[in-house]
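See structure below.
If you're wondering where the values come from, they're calculated on a predicted model, not measured in any experiment. Order of listing sets the numbers, starting from 1, for every ligand and every atom in it.
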Amino acid sequence: MENHTSALIIGAGPVGLSAALELGRRGVPCTVVERHRRLGRRSRVAGVNKWTMELFHYWGIGDEIHRAALPFGATGPVTWKRTLAGETLGPIRRDASRPETWSPTVARAGDIMFCPSDAVESALLAAVRRCPSVDIHFSTRLRGFENTEEGVTAELTYGNGEPGLVRADYLLACDGINSGVRKMLGIPLDGMRMDMDLVAIDFEADLRTWTGERPCVAYWIINSVSCGCLVPRLEGPRWIYTAFRRPDAAVATEEWCEDVVRAATGVPTLPLRITDAQPRSMTIEVVSQFRSRRVFLAGDAAHRFLPMLGPGINLGVHDAYDFAWKAAAVWERWADPTLLDTYEPQRAAAAKRTSEHTAEFLRLMAETGISADVYDFATALEEDGEDAAALREMVRDAARKLEGHWAT
Ligand SMILES: Cc1cc2nc3c(=O)[nH]c(=O)nc-3n(C[C@H](O)[C@H](O)[C@H](O)COP(=O)(O)OP(=O)(O)OC[C@H]3O[C@@H](n4cnc5c(N)ncnc54)[C@H](O)[C@@H]3O)c2cc1C
């Protein structure tokens, strides 16, 4: 089977689907291939910012995403704690510091909204399916491609095992954090990687005794057995604990995950069920080039930021929109193909700003004890005396400084 399309999009995550939607709404022929047979296998809590919400409203899916999101006021502030059930070290008054964010009008126009990422993807997919010019294939994998000045020829394997060739004017790689396209092009990532291994643990447990009905947006946990970030997943008793692995930690088995989650909650007998565990790293990395001839990189394929409360979806959706409206303008013949030359400098500048903002966030987080040395910090905090009291004061002050950062 050989087909021709204007844009071949690799990956049906939020970024690939956003590009398909913008192209599809303009009637531009495009093909999306996704190696998995369905979306949303691993739902995260996406912090969708106001600029992304503007796009979602423009695409006609804003109300749907708004309905799926956590209502404003339904969560408490970000909080630092020794354990969930134990001592509070310091809160960020995220909303209380900016009363205007409580307004339903402002919320509707879009401030940060916390929404399950599978709800975002489902809304995007349903809208994409309403676009007749978009062809979407699940269980279909990109195997390789030839990239010339004239176009791209991609080798695919369809779900039934049948091979296929697609010729496209452009290929947009939205194939995620371990992007095969990026690797095939040999494009390196530049930036920094903290010397810290993380494990994102999805689990189910009823924590209402310690959170009440209004859990915090995030709990940063600091104790000498378990440090990490505990985040509610909005639906029912589901949580994600992104645990920082101690340098001397054993292999992250299910038993290890149970132990660190229980140590984070401070409830040794807590009934819980681990549903998933994935290794992560603390990175701020951006590709050295966003484009090679007819291939463009977008989303996590082009930049990797912190796994928790990170800016990934937002920056990626804007990469997708930038590529798509420009590719559509070229296809509609009201712009010269050189318009696409602006993709790289503009997205690189946006990624640079995001990197700087994220690096500043990390610097402030280090003042709250969250750094590669977090376990040393936790141990010092557990020793009674003036030094530990000074550390507690430091966490409180740093959390206050972060209020401003959160608000930007
Ligand atoms: C614990 C956690 C919390 C997070 N919290 C936030 C947050 O609050 N805010 C935020 O903005 N971001 C957050 N993120 C990051 C966010 O999830 C990602 O930035 C976002 O999903 C990136 O979207 P993407 O479409 O670029 O990549 P992905 O969502 O990874 O999608 C890539 C797709 O490409 C497919 N694919 C890969 N290779 C191939 C191939 N060869 N052929 C076909 N298909 C292929 C994959 O199957 C996948 O579906 C979080 C991430 C984690 C892990």
* **Thr342 side-chain N/O to Leu339 backbone N/O, donor-acceptor pair under 3.5 Å** => yes
* Output the list of atoms in ligand 1 that are nearer than 4.0 Å to some heavy atom of His36, sorted by atom number. => 47 (O)
* Ligand-residue contact atoms, ligand 1 with Asn314, heavy atoms, under 4.0 Å -> 11 (O)
* Are Glu213 and Arg208 side-chain neighbours, meaning at least one heavy-atom pair lies under 4.5 Å? -> yes
* Which atoms of ligand 1 sit under 4.0 Å from any heavy atom of Gly176? -> 27 (O), 30 (O), 32 (C)
* Taking both backbone and side-chain atoms of Ala301, is any N or O found less than 3.5 Å from an N or O belonging to ligand 1? -> no
* Got a second to check how far Thr88's OG1 is from Arg392's CZ, nearest 0.5 Å? -> 11.5 Å
* **Contact atoms of ligand 1, heavy-atom distance to Ile10 under 4.0 Å** => 40 (C), 42 (N), 43 (C)
* To do: Locate the shortest heavy-atom distance separating Ser122 from Leu39; write the atom from each residue and the value.
  => N-CD1, 4.5 Å
* Minimum non-hydrogen distance to atom 24 (P) of ligand 1, winning option of Leu39, Leu142, Val33, Val15 -> Val15
* Asked: Any idea which atoms of ligand 1 are less than 4.0 Å away from a heavy-atom of Gly312?
  -> 10 (C), 11 (O), 12 (N), 19 (O)
* Any N/O of Ile240 closer than 3.5 Å to an N/O of ligand 1? -> no
* Quick check: does any side chain N or O of Asp175 sit under 3.5 Å from a backbone N or O of Gly180, one acting as donor and the other as acceptor? -> yes
* Would you check whether Asp300 has a nitrogen or oxygen atom less than 3.5 angstrom from a nitrogen or oxygen atom of ligand 1? => yes
* To do: For Ile313, counting its heavy atoms only, list the atoms of ligand 1 lying under 4.0 Å from any of them.
  => 10 (C), 11 (O), 12 (N), 16 (C), 19 (O), 20 (C)
* Asked: Hey, what's the ring geometry for Trp80 with Trp220, parallel, tilted or perpendicular (30° and 60° as the breaks)?
  -> parallel
* Which of these, Cys115, Ala218, Ser18, Pro14, has its nearest heavy atom closest to atom 23 (O) of ligand 1? -> Pro14
* To do: Would you confirm whether Thr209, through its side chain, and Leu207, through its main-chain N or O, come within 3.5 Å as a donor-acceptor pair?
  => no
* Structure fact -> Counting heavy atoms under 4.0 Å, the part of Thr140 that contacts ligand 1 is backbone
* Judging by distance only, is a nitrogen or oxygen of Ala12 under 3.5 angstrom from one on ligand 1? -> no
* **Per-residue contact class, Arg143 against ligand 1 - non-hydrogen pairs under 4.0 Å** => neither
* Should the ring pair Phe323 and Phe296 be called parallel, tilted or perpendicular, given that the plane angle runs from 0 to 90° and is split at 30 and 60? -> tilted
* Are His137 and Tyr158 an aromatic pair by the rule of ring centers under 6.0 Å? -> yes
* Would you check whether Arg35 has a nitrogen or oxygen atom less than 3.5 angstrom from a nitrogen or oxygen atom of ligand 1? => yes
* CZ/Arg293 to CD/Glu150 distance, rounded to the nearest 0.5 angstrom? -> 9.0 Å
* Say whether Arg280 and ligand 1 are in contact under the criterion: heavy-atom distance to a ligand atom below 4.0 Å. => yes
* Region of Glu34 engaging ligand 1 - heavy atom pairs below 4.0 Å -> both
* **For ligand 1, the portion of Cys174 having any non-hydrogen atom under 4.0 Å away** => backbone
* Would you say Asn147 and Ser292 make side-chain contact, with heavy atoms under 4.5 Å? -> yes
* Gly299: numbered ligand 1 atoms lying under 4.0 Å from its heavy atoms -> 26 (O)
* **Main-chain N/O of Cys30 paired with Asp135 side-chain donor or acceptor, under 3.5 Å** => no
* Atoms of ligand 1 close to Gly11 [distance to a heavy atom under 4.0 angstrom, numbered from 1] -> 33 (C), 34 (O), 35 (C)
